[in-house]
Amino acid sequence: MMNCWVNRAGWFFLWCLTLPCDAFDPMMGDPFTNPLIIEIQGLHDSSARGDKVATDQLVTKLETLIESNPENQLLRVYLGSAYTLKSRDAFPGPSKMRYLKDGLKTMDDAVKRDPDNICVRFVRAVNNFHLPAFINRRDNARKDFEQLLLQIQSQPQNLNLKTVQAIHYFAGLSYKQTKRSKEAREAWLKGIQMSSDSVLTQKMEKELERLKI
């Protein structure tokens, strides 16, 4: 059933990675530390755990914010993700598919408008990673993570360690999901090298223990 397709245990635990950035500006620091996005992420986390009231609040808040910030693609990509959660909660029928299609279109539109924005692409990538296989977005997620890894390696980024490790962690999960165990291992090993004692390091170490290649 589509109404239970979200992996609620892990969904989007992008902790306090937060934001509203019209475009990613390295001089502004890590966009995932903006108080507004911490609030948005909190609602998103509650929604992902099945709180339908939080889902409605999240959609309403983001739609209102975008009316006055139409060029903010990070807000837009979060709205797209919120629509997919709305689709999960809707009864089977036209509205369920409409929310899903609107969610995918909104996220794709945000990335298209600002393709080099790490924050925007990261939100879409994690969302698409968690969608069920029949929606056919797993390869899209993997490609997003491939580009994100290239960006953080080739371009100076003023991102927090937590954000960079999160990209490596989810990239590894996406590679594993699409049967690319070697690439998953490489992503996790690089992520672990960045910190010896973070929560994400522990998670990547556990994933490496489970990985068989």
Side-chain angles (χ1 to χ4, degrees), residues 5-6 11-12 14 17-32 34 36-37 40-41 43-44 47-48 55 58-88 95-159 163-164 166-168 170-171 173-175 177-178 187:
W5 50 248
V6 175
W11 222 103
F12 224 47
L14 301 185
L17 309 180
T18 315
L19 61 106
C21 51
D22 292 316
F24 179 69
D25 183 352
M27 301 304 294
M28 294 178 61
D30 191 323
F32 284 119
N34 182 291
L36 175 60
I37 298 318
I40 288 172
Q41 188 60 55
L43 281 173
H44 197 294
S47 174
T55 304
L58 180 63
V59 169
T60 299
K61 185 177 186 66
L62 286 166
E63 287 179 338
T64 301
L65 285 169
I66 288 174
E67 285 183 6
S68 56
N69 298 275
E71 299 306 315
N72 190 314
Q73 303 312 321
L74 191 48
L75 293 177
R76 189 179 304 279
V77 77
Y78 263 109
L79 177 61
S81 184
Y83 284 152
T84 66
L85 289 168
K86 189 81 172 174
S87 170
R88 175 204 64 192
S95 64
K96 193 174 193 69
M97 289 306 300
R98 176 171 56 82
Y99 277 121
L100 177 60
K101 290 179 179 179
D102 286 350
L104 297 177
K105 182 179 183 299
T106 301
M107 287 187 289
D108 291 347
D109 187 39
V111 173
K112 182 178 180 179
R113 293 185 186 202
D114 198 357
D116 295 325
N117 189 315
I118 284 180
C119 313
V120 172
R121 191 176 294 275
F122 188 30
V123 171
R124 181 179 73 170
V126 178
N127 174 285
N128 285 190
F129 163 76
H130 282 98
L131 294 176
F134 71 84
I135 298 178
N136 296 318
R137 298 288 289 200
R138 292 184 173 181
D139 284 339
N140 296 61
R142 175 179 51 76
K143 291 175 182 177
D144 271 346
F145 283 117
E146 287 175 347
Q147 178 158 337
L148 288 167
L149 291 175
L150 286 174
Q151 282 184 265
I152 60 177
Q153 291 168 9
S154 63
Q155 303 171 15
Q157 305 292 344
N158 194 14
L159 299 173
T163 301
V164 178
I167 290 172
H168 283 80
F170 278 108
L173 292 179
S174 182
Y175 281 130
Q177 185 184 62
T178 51

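- Residue Arg124 holds its CZ atom at 11.5 Å from CG of Asn117, rounded to the nearest 0.5 Å.
- At distances below 3.5 Å, not a single donor-acceptor pair connects side-chain atoms of Arg121 with backbone N or O atoms of Asp116.
- Between Met107 and Asn128, some side-chain heavy-atom pair lies under the 4.5 Å cut-off.
- The closest side-chain heavy-atom distance from Lys101 to Met97 is below 4.5 Å.
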Audit row: Arg137, Asp108, salt bridge (charged side-chain N to carboxylate O under 4.0 Å, His left out) steps and yes/no: CA-CA 11 Å; Arg137 298 288 289 200; Asp108 291 347; 2.7 Å; yes

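- The nearest pair of heavy atoms linking Ala141 to Ala125 is CB-O, 3.6 Å.
- You'll find the side chain of Leu131 reaches within 4.5 Å of the side chain of Leu104, heavy atoms only.
- Atom CD of Glu146 and atom CG of Asp144 lie 9.5 Å apart (nearest 0.5 Å).
- The line from NE2 of His130 to CZ of Arg88 is 12.0 Å long, rounded to the nearest 0.5 Å.
- Remark: Glu67 CD to Leu62 CG distance equals 11.5 Å, nearest 0.5 Å.
- Smallest separation of non-hydrogen atoms from Ala82 and Val59: CB-CG2, 3.8 Å.
- Within the 3.5 Å criterion, the main-chain N or O of Lys96 finds a donor-acceptor partner in the side chain of Ser87.
- Thr106 contributes no side-chain N or O that, together with a main-chain N or O of Gly103, makes up a donor-acceptor pair within less than 3.5 Å.
- Glu71 places no side-chain N or O within 3.5 Å of a backbone atom of Asn69 that could act as its donor or acceptor partner.
- The closest donor-acceptor contact from the side chain of Thr64 to the backbone of Thr60 lies under 3.5 Å.
- Counting only heavy atoms from C-beta outward, the side chains of Gln41 and Tyr78 approach each other to under 4.5 Å.
- Put simply, OG on Ser47 and CD1 on Ile40 are 13.0 Å apart, with the number rounded to the nearest 0.5 Å.
- Scored by the side chain to side chain contact (heavy atoms under 4.5 Å, CB included) test, Arg138 finds Ala133, Gln177, Thr178 as partners (sequence neighbours excluded).
- Within the 4.5 Å cutoff, side-chain heavy atoms of Leu85 are placed close to those of His44.
- The side-chain heavy atoms of Leu65 and Asn72, taken from C-beta on, include no pair separated by under 4.5 Å.
- Leu79 CG to Leu74 CG: the interatomic distance, rounded to the nearest 0.5 Å, is 11.5 Å.
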Before you tell me yes or no, could you show the steps for Ile167 and Ile118 under side chain to side chain contact (heavy atoms under 4.5 Å, CB included), namely the whole-Å CA-CA distance, both residues' side-chain angles and the distance that decides it to 0.1 Å? CA-CA 10 Å; Ile167 290 172; Ile118 284 180; 4.1 Å; yes

Intermediate values then yes/no, side chain to side chain contact (heavy atoms under 4.5 Å, CB included), Arg76 and Val120: CA-CA 8 Å; Arg76 189 179 304 279; Val120 172; over 6 Å; no

From CA spacing to verdict: salt bridge (charged side-chain N to carboxylate O under 4.0 Å, His left out), Asp139, Arg142: CA-CA 5 Å; Asp139 284 339; Arg142 175 179 51 76; 3.4 Å; yes

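- What you find for Pro70 and Arg113 is that their closest heavy atoms are O-NH1, 3.9 Å.
- A parallel orientation is assigned to the rings of Phe170 and Phe145, their planes being inclined by less than 30° (bins at 30° and 60°).
- For Gln153, the side chain to side chain contact (heavy atoms under 4.5 Å, CB included) partners are Leu149, Lys190, not counting sequence neighbours.
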